[in-house]
Amino acid sequence: MGDIPQIILKDGSSMPRIINGMWQMAGGHGKVNYKNSLSDMLDYVNCGFNCFDMADHYGPAEDIYGELKSQMKNDGNDKKITGFTKWFPRPGNMSLENVRTFIHSSLIRTKSEFIDLLQFHWWDYDDDRYLKAAQSLKQLQIEGLINSIGLTNFDTIRLKQIVESGVDVVTSQVSFSVIDRRAKGKMTDYCKDNDIYMIGYGVVLGGLLSEKFLGVPEPSTIALNTWSLSKYKDYINRWGDWNLFQELLEVLQRIGLKHSVSLTLIAMKYVLQQDMVGAIIVGCRFGIHQHTDENKRLFTFNLDDEDIEKIDQIVFKGDCMLGWSEPGDEFR
């Protein structure tokens with residue numbers, strides 16, 4: 001099935017169209033088995049899935065990525081791997097030296113000379129020190145500690161502010177799924193005008209967009225036993241209800257049968273085919289499950305206009321803004 005397709009960003013760097021998500025290491029998804037996780041990550045790299053999305057607060061994610069780099073170097077494995085990480089600072093002094101301290105910590109943990117893509121999150125828009133923080137990141141990029149700068153969970157207004165302040169933002173990571181269309185419209189238009197690619201997460205709703213949940217009763221709170229399942233079941237409730245979700249799963253399954261793939265891949269492909277979506281993040285339960293063979297099939301087909309229309313007919317019966325206005329509203 002060949003290599004994973006790449007997107008070239010405006011600063012000349014590249015990213016694969018599917019990225020391994022590591023939020024599952026932050027907690028709420030069971031105990032992390034360090035050794036088994038490292039083994040699975042190496043398997044993913046050897047299968048061509050060589051880009052990992054982490055954050056400073058994702059448990060041991062940055063540390064395990066650093067160990068992966070060391071192990072590959074010691075084993076003489078010259079396959080390229082890429083680490084995208086995120087910085088979620090608490091409110092405080094965003095001076096260059098303070099920001100440098102945070103970034104230096106990620107460099108140590110990931111055993112890297114520079115961060116491939118540093119994605120910046122900010123909690124409170126009333127505190128405009130995010131502009132100072134962005135300028136500090138720009139200076140660290142000039143110094144060579146950061147290769148590319150992206151944002152995560154920002155709305156369009158603040159993305160525009162940061163870009164107009166002179167920071168070369170190349171990506172905007174946002175929640176994006178068949179039922180969550182907040183990134184369409186203003187965000188998509190701005191990204192298109194400024195050559196910024198979106199990275200979509202939540203594309204399979206924590207695993208709820210799968211055959212496992214087709215034709216079954218609405219799960220209880222106890223059955224939603226991971227942070228992902230709990231979070232994205234709330235998204236379904238905001239969009240519609242469990243009966244409407246079953247209709248959506250049935251439509252996705254029929255389209256999947258047409259293309260000889262799972263309904264999960266149909267949901268992933270739908271987001272990947274959206275304008276200005278450069279890549280999607282697929283959460284990984286390293287040490288527990290592997291989906292490399294299935295995920296490679298994502299690039300063996302495309303959805304046609306009829307497929308998309310059938311999906312939209314169901315989805316637009318619900319609230320595709322989920323009661324919010326813009327990407328990231330759920331964090332503020």
Cation-pi check, [X] to [Y]: give yes when NZ or CZ is under 6.0 Å from the six-membered ring centre and within 45° of the ring axis, no otherwise.
X: R332; Y: W122; value: no
X: K160; Y: Y190; value: no
X: K86; Y: W23; value: no

Return the minimal non-hydrogen interatomic distance between [X] and [Y], and the atom names on each side.
X: G83; Y: I115; value: O-CG2, 4.5 Å
X: K132; Y: M94; value: CG-O, 3.3 Å
X: L272; Y: G278; value: CD1-O, 4.4 Å
X: A183; Y: T188; value: O-OG1, 2.7 Å
X: I4; Y: G48; value: CG1-O, 3.3 Å
X: Q24; Y: S228; value: NE2-OG, 3.7 Å

Ignoring hydrogens and geometry, is there a side-chain-to-backbone donor-acceptor pair from [X] to [Y] under 3.5 Å?
X: S165; Y: I162; result: yes
X: T171; Y: Y197; result: no
X: N77; Y: K79; result: yes
X: W239; Y: M321; result: no
X: Q274; Y: Y270; result: yes
X: R17; Y: V277; result: yes
X: Q71; Y: L38; result: no
X: T101; Y: E97; result: yes
X: D116; Y: T82; result: no
X: N98; Y: N93; result: yes

Do [X] and [Y] have side-chain heavy atoms sitting under 4.5 Å apart?
X: Y34; Y: F286; result: no
X: V282; Y: H291; result: no
X: F299; Y: I18; result: yes
X: N147; Y: Q141; result: no
X: V99; Y: I103; result: yes

* Give me the ring orientation class for Y232 and Y235: parallel if the planes are under 30° apart, tilted from 30 to 60°, perpendicular past 60°. =>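 Y232 vs Y235 ring planes: perpendicular.
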* **Cluster check I308, M276: I/L/V/M/F/W/Y, side chain < 4.5 angstrom** => yes
* Would a hydrophobic clustering, with Ile, Leu, Val, Met, Phe, Trp and Tyr connected at side-chain separations under 4.5 Å, put F331 with W324? -> yes
* salt bridge (charged side-chain N to carboxylate O under 4.0 Å, His left out) between D168 and K10: does it pass, once the steps are laid out? -> CA-CA 9 Å; D168 187 20; K10 64 179 177 180; 3.5 Å; yes
* Sole candidate of N153, L151, D56 that passes side chain to side chain contact (heavy atoms under 4.5 Å, CB included) when paired with H121 ->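 With H121 as partner, side chain to side chain contact (heavy atoms under 4.5 Å, CB included) holds for just one option, N153.
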* To do: Carefully, step by step, assess S148 and S13 under the rule side-chain hydrogen bond (donor to acceptor under 3.5 Å, both in side chains).
  => CA-CA 8 Å; S148 301; S13 60; 3.2 Å; yes
* To do: Could you walk me through whether E67 and M41 pass side-chain contact (heavy atoms from CB on, under 4.5 Å), step by step?
  => CA-CA 10 Å; E67 283 302 311; M41 290 171 69; over 6 Å; no
* To do: Kindly say whether the aromatic ring centers of F154 and F120 come within a distance under 6.0 Å.
  =>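 Close enough - the centres of the two rings lie under 6.0 Å apart.
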* Asked: So, do F52 and Y44 have ring centers that fall under 6.0 Å from each other?
  -> no
* Test log, rule side-chain contact (heavy atoms from CB on, under 4.5 Å), inputs L145 and R100 -> CA-CA 9 Å; L145 299 183; R100 187 194 306 275; 4.1 Å; yes
* Hey, mind stepping through D189 and K184 against salt bridge (charged side-chain N to carboxylate O under 4.0 Å, His left out) and telling me if it holds? -> CA-CA 8 Å; D189 291 343; K184 292 179 68 70; over 6 Å; no
* Apply ring pair (Phe, Tyr, Trp, His ring centres under 6.0 Å) to F84 and list each qualifying residue two or more places apart in sequence or on a separate chain. =>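 Ring pair (Phe, Tyr, Trp, His ring centres under 6.0 Å) check on F84 returns nothing, list empty.
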* **Worked verdict on D155 versus R158 for salt bridge (charged side-chain N to carboxylate O under 4.0 Å, His left out)** => CA-CA 6 Å; D155 63 12; R158 278 75 186 188; 2.8 Å; yes
* Asked: Are K69 and S112 close enough, and set up right, to give a side-chain hydrogen bond (donor to acceptor under 3.5 Å, both in side chains), and what steps lead you there?
  -> CA-CA 9 Å; K69 292 181 68 173; S112 303; 2.9 Å; yes
* Can a donor-acceptor pair be found between the side chains of Q161 and Y130 at a distance below 3.5 Å? -> yes
* To do: Would you mind checking if K269 and D307 are paired as a salt bridge, meaning a charged N to carboxylate O distance below 4.0 Å?
  => no
* Asked: Can you list the steps and then say if W123 with R90 is a side-chain contact (heavy atoms from CB on, under 4.5 Å)?
  -> CA-CA 8 Å; W123 294 104; R90 295 177 181 177; 5.7 Å; no
* In sequence, state the C-alpha distance, the side-chain angles, and the governing distance for W87 and Q119, and then conclude on side-chain contact (heavy atoms from CB on, under 4.5 Å). => CA-CA 6 Å; W87 179 42; Q119 301 165 102; over 6 Å; no
* To do: List in chain and number order the residues that pass salt bridge (Lys or Arg N to Asp or Glu O under 4.0 Å) with R182, two or more places apart in sequence or in another chain; answer none if no residue qualifies.
  => D180, E330
* S106 vs E62, side-chain hydrogen bond (donor to acceptor under 3.5 Å, both in side chains): CA-CA, chis, key distance, verdict -> CA-CA 7 Å; S106 286; E62 289 186 331; 2.9 Å; yes
* salt bridge (charged side-chain N to carboxylate O under 4.0 Å, His left out) evaluation trace for D319 with R238 -> CA-CA 7 Å; D319 177 11; R238 285 176 165 273; over 6 Å; no
